[in-house]
Amino acid sequence: MRRMACLLAVAWAIMGASPPAWACGTDTDCLLGERTYRIALPDGVENPGALVYAHGYRGSAKGAMRNKALIEFAHRNGMALVAMKSFQDDWRIPGVPAEPGTDGAPELAYIDALLPELASRHGIDTGNLVATGFSAGGMFTWFLACNRGDSFRAFVPVAGTFWQPVPQTCPTYPVDLVHIHGTSDRIVPLSGRPIGPTHQGDVGTAYERLMAVAGGEAHTGAAAQTFDDLSCQVSPTPSGRTVTMCLHPGGHSFKVQYLDAAFSILRAAGVHAP
C-alpha cells in the first residue's frame, strides 16, 4: 500500500499536478483546510482507534512518520498513528513565545476539524483516541487535556506541560492522564524555564491542579509502579479518573517504551486503550 502511494505521488509530480485528496498517508500529507496531517493505518483492522501524536518544536508529521517504532507500537495495539502538524514551527497555545496573546483557538479548530475527518475519510473509531506528544507536543497534549478532554480516552504528554500561567480550571477536566518526564531534563525542566518574555509552566503545579479538579490530592493514595527506568505514581481519584506521574533519571527524551508503560497503567485502571 505504501509503495503504491509513493508511485502515485511520483506520477502526479511528473505530470506537474497536485495529487488527489485521497492520495495521502505515511509518505504524503493529508490536506485539511490550511493545515495537514499524516496517517499510518494498520493492516486488517476495521475501524481502528488512533494514537494522535503532536511533534516537538520545529518538528513535522513527516518526521514523526520516520519513527518506525512509533508506527509499530500503534499498529501492535490495533491503532492507526495520526501525526498532526503545527501551522508553523510551534503549536499556537496560550503562553507560547511565537504568538503572544493567543488563546489557542486556531489549534482547537484544527482538532475539531481533524477528528470527524479521521472518521469519515479513514474509518477511525473516534471513540477510541489517545493523545500523546513530545516536548512542545507534550505541551499541546496538556492543552488538549484541558480543552478537549471529552474527545480522547486518555492523554500521555511526554516532556512538556503548560506554559505559565498553569490554568486554574479547565472546561473538560477530569481526564485520565499519564505524564512522563526526565528529572535531568534541561530543555523543559520539571519546574520550567524562561524563554524570551514567557516561562514554561511547573509540571508539579499542573499535576496538582489536575488532581484537585478530579477530586483528589497529589500523591494521596498513589500506588508506586516501576517500568524499566520509569518510576510512576498512579493516583486513582474520586471522579473515577486515574492521574499518573512517571519520572525517569534521563534528560529530554522520547521512547516508545514510555508509551508501553502508559498503556499498561491505563489498562490496569480500566481505561480502554487497546
Under the side-chain contact (heavy atoms from CB on, under 4.5 Å) rule, what do T244 and T242 come out as? Steps first, then yes or no, please.
-> CA-CA 6 Å; T244 303; T242 297; 3.8 Å; yes

Under 3.5 Å: donor-acceptor pair, side chain of [X], backbone of [Y]:
| X | Y | result |
| --- | --- | --- |
| N47 | G123 | yes |
| R38 | T26 | yes |
| D29 | L31 | no |
| T198 | I195 | yes |
| Q225 | C232 | no |
| T161 | G201 | no |
| N77 | M79 | no |
| T141 | A131 | no |
| R186 | G251 | no |

How long is the gap from [atom1] on [X] to [atom2] on [Y], to the nearest 0.5 Å?
| X | Y | atom1 | atom2 | answer |
| --- | --- | --- | --- | --- |
| S135 | I187 | OG | CD1 | 7.5 Å |
| I39 | I71 | CD1 | CD1 | 11.0 Å |
| E99 | W91 | CD | CH2 | 13.5 Å |
| T102 | W163 | OG1 | CH2 | 13.0 Å |
| E72 | N67 | CD | CG | 9.0 Å |
| Y53 | L81 | OH | CG | 9.0 Å |

Quick check: do [X] and [Y] have side-chain heavy atoms less than 4.5 Å from each other?
| X | Y | result |
| --- | --- | --- |
| V178 | I180 | yes |
| P157 | L177 | yes |
| M245 | L210 | no |
| H181 | V188 | yes |
| C146 | P171 | yes |
| P116 | T126 | no |
| H248 | S253 | yes |
| Q168 | R209 | yes |

Closest non-hydrogen atom pair, [X] against [Y]:
| X | Y | value |
| --- | --- | --- |
| P48 | A80 | CB-N, 4.3 Å |
| G182 | L190 | O-CG, 4.3 Å |
| A61 | K85 | N-CD, 3.9 Å |
| A262 | V156 | CB-CG1, 3.7 Å |
| F162 | A206 | CD1-CB, 3.9 Å |
| H55 | D89 | CE1-O, 4.5 Å |

Over-ring placement of R92 relative to F87, 6.0 Å and 45° cut-offs | yes

Lys/Arg N to Asp/Glu carboxylate O, E107 vs R148, below 4.0 Å | no

Is it true that D260 and R76 have a side-chain N and a carboxylate O under 4.0 angstrom from each other?
-> yes

Working for ring pair (Phe, Tyr, Trp, His ring centres under 6.0 Å), residues F263 and Y258 = CA-CA 9 Å; F263 271 43; Y258 297 159; over 10 Å; no

Can F155 and D176 be said to form a side-chain contact (heavy atoms from CB on, under 4.5 Å), step by step?
-> CA-CA 6 Å; F155 300 84; D176 293 287; over 6 Å; no

Aromatic ring pairing F134/H252, orientation class (parallel under 30°, perpendicular over 60°, tilted between) = tilted

Should the ring pair W142 and H179 be called parallel, tilted or perpendicular, given that the plane angle runs from 0 to 90° and is split at 30 and 60?
-> tilted

T132 and V52: side-chain contact (heavy atoms from CB on, under 4.5 Å), yes or no, with the steps?
-> CA-CA 6 Å; T132 188; V52 183; over 6 Å; no

Same cluster or not: are I124 and V45 linked, directly or through other Ile, Leu, Val, Met, Phe, Trp or Tyr residues, by side-chain heavy atoms under 4.5 angstrom apart?
-> no

Ring centre gap for Y110 and F140 strictly below 6.0 Å | no

Cut-off 3.5 Å, side chains only: do S86 and Y57 have a donor facing an acceptor?
-> no

Worked verdict on L118 versus V82 for side-chain contact (heavy atoms from CB on, under 4.5 Å) = CA-CA 9 Å; L118 295 178; V82 176; 4.0 Å; yes

